[in-house]
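Report on the following structure.
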Number of protein chains: 2
Amino acid sequence: MKTTATVPHPLPAPLVDAIAERFRILGEPMRIRLLDALRDAPATVQELERATEASQQNVSKHLGVLLRSGLVSRSKEGNFSRYAIADEGVFELCEQVCGGLRRHLDELDAVLSGGGSR
Amino acid sequence: MKTTATVPHPLPAPLVDAIAERFRILGEPMRIRLLDALRDAPATVQELERATEASQQNVSKHLGVLLRSGLVSRSKEGNFSRYAIADEGVFELCEQVCGGLRRHLDELDAVLSGGGSR
DNA sequence: CGATAGCACAACTACATCGTTGTTTGCTAC
DNA sequence: GTAGCAAACAACGATGTAGTTGTGCTATCG
């Protein structure tokens, strides 16, 4: 049993849109920062405000996006809202992206140092 | 030797931006379709035009973005440009995203069928 | 019960980018 | 050298969204 579900090849249009939407949600620095801040432990909006140095409204807005996409979960505790990572897979995604970035940079580096136009 | 490079924890700002940018590049349905069309074999712009049913200019534009980000490579053959996947890791990314989408949908499904507010 | 704190929602402005239209460049063929 | 095709480039209008400002709602406290 494979963990990767092996997507169909000619990707059906709805799946293409769904995949792109999720990537787009992750394509915002502020949201990446929020997820990174939640990596160690769940946190309240206030704590995330301090961690990201953003306004309460902005933090709340992005958390709403992450919540609706199922990447984080929310639990209300009295007067506070505590958010937590709901899908640990995002960190794997980030690490894979970092790997890709490294490959790209190494490639550029090789071109600059080795394969000059002579 | 781990394949995942284990990114630093408080993600430094430039890395956050780089990660977000790559996600943002993948967050466009047209680009996902182009990558999917290139999955089997390299292709010319014309072939990709037909595969995605988009205009030549639009295809060329998105290919330019993918090229600059290092996700595809270009080789000129006479009058044609042949593009190919440069980083096979993107397909792993897509599969992981699909896994996350499935988890989210299952979760919603469980809420709807089982855990009503009772 | 009135006041305050934590959070979410709505309206708005600024900016980025998608897709189109028009044009230019580079190559091949006659 | 002239004609024609493939691909890239440039400018433009339309659309989407990030971040701010302003406000409403719920729970806690005195």
Self-check item: Separation of atom NZ in A/K76 from atom P in D/dC25, rounded to whole Å
Solution: 13 Å
Practice problem: Check whether any side-chain N or O of B/Y83 sits under 4.0 Å from OP1 or OP2 of D/dA6, and answer yes or no. | Solution: no
Quiz item: Do B/D87 and A/H104 touch side chain to side chain, with heavy atoms closer than 4.5 Å?
Solution: no
Practice problem: With heavy atoms under 4.0 Å as the rule, sort A/R74 into base, sugar-phosphate or nothing. | Solution: sugar-phosphate
Quiz item: Are any non-hydrogen side-chain atoms of B/Y83 and B/L66 less than 4.5 angstrom apart?
Solution: no
Quiz item: Quick one, which residues of residues 13-23 of chain B touch DNA chain D with a heavy atom under 4.0 Å?
Solution: none
Self-check item: Whole-Å distance separating the CG atom of A/N79 from the C1' atom of D/dT28
Solution: 6 Å
Filtered N/O pairs between nucleotides 17-23 of chain D and protein, under 3.5 Å:
unit_1 : atom_1 : unit_2 : atom_2 : d
D/dT17 : OP1    : A/R24  : NH1    : 2.9
D/dA18 : OP1    : A/R31  : NH2    : 3.0
D/dG19 : OP2    : A/N58  : ND2    : 3.4
D/dG19 : OP2    : A/H62  : NE2    : 2.6
D/dG19 : O5'    : A/N58  : ND2    : 3.4
D/dG19 : N7     : A/K61  : NZ     : 2.9
D/dG19 : O6     : A/K61  : NZ     : 2.6
D/dT20 : OP2    : A/S55  : OG     : 3.4
D/dG22 : O6     : A/Q57  : NE2    : 3.2

Quiz item: Going by heavy atoms in the side chains, are A/C94 and A/L35 under 4.5 Å from each other?
Solution: no
Quiz item: Rounded to whole angstrom units, what separation is found between the CZ atom of A/R50 and the P atom of C/dG6?
Solution: 9 Å
Self-check item: Check: A/S81 and A/L63 side chains under 4.5 Å, non-hydrogen atoms
Solution: no
Show every donor-acceptor pair shorter than 3.5 Å between a side-chain atom in residues 19-28 of chain B and any protein atom, with sequence neighbours excluded, or say none if there are none.
unit_1 : atom_1 : unit_2 : atom_2 : d
B/R22  : NH2    : B/S69  : O      : 2.6

Practice problem: Give A/S60 one of three labels, base, sugar-phosphate or nothing, depending on what nucleic acid heavy atoms sit under 4.0 Å from its own. | Solution: base
Quiz prompt | Min side-chain heavy-atom separation A/L48-A/L38 under 4.5 Å | solution = yes
Quiz item: Can you find a heavy atom in the side chain of B/L11 that is under 4.5 Å from one in the side chain of A/R33?
Solution: no
Quiz item: More than 12 non-hydrogen atoms from neighbouring residues, nucleotides or ligands closer than 6.0 Å to CD on A/E77, yes or no?
Solution: yes
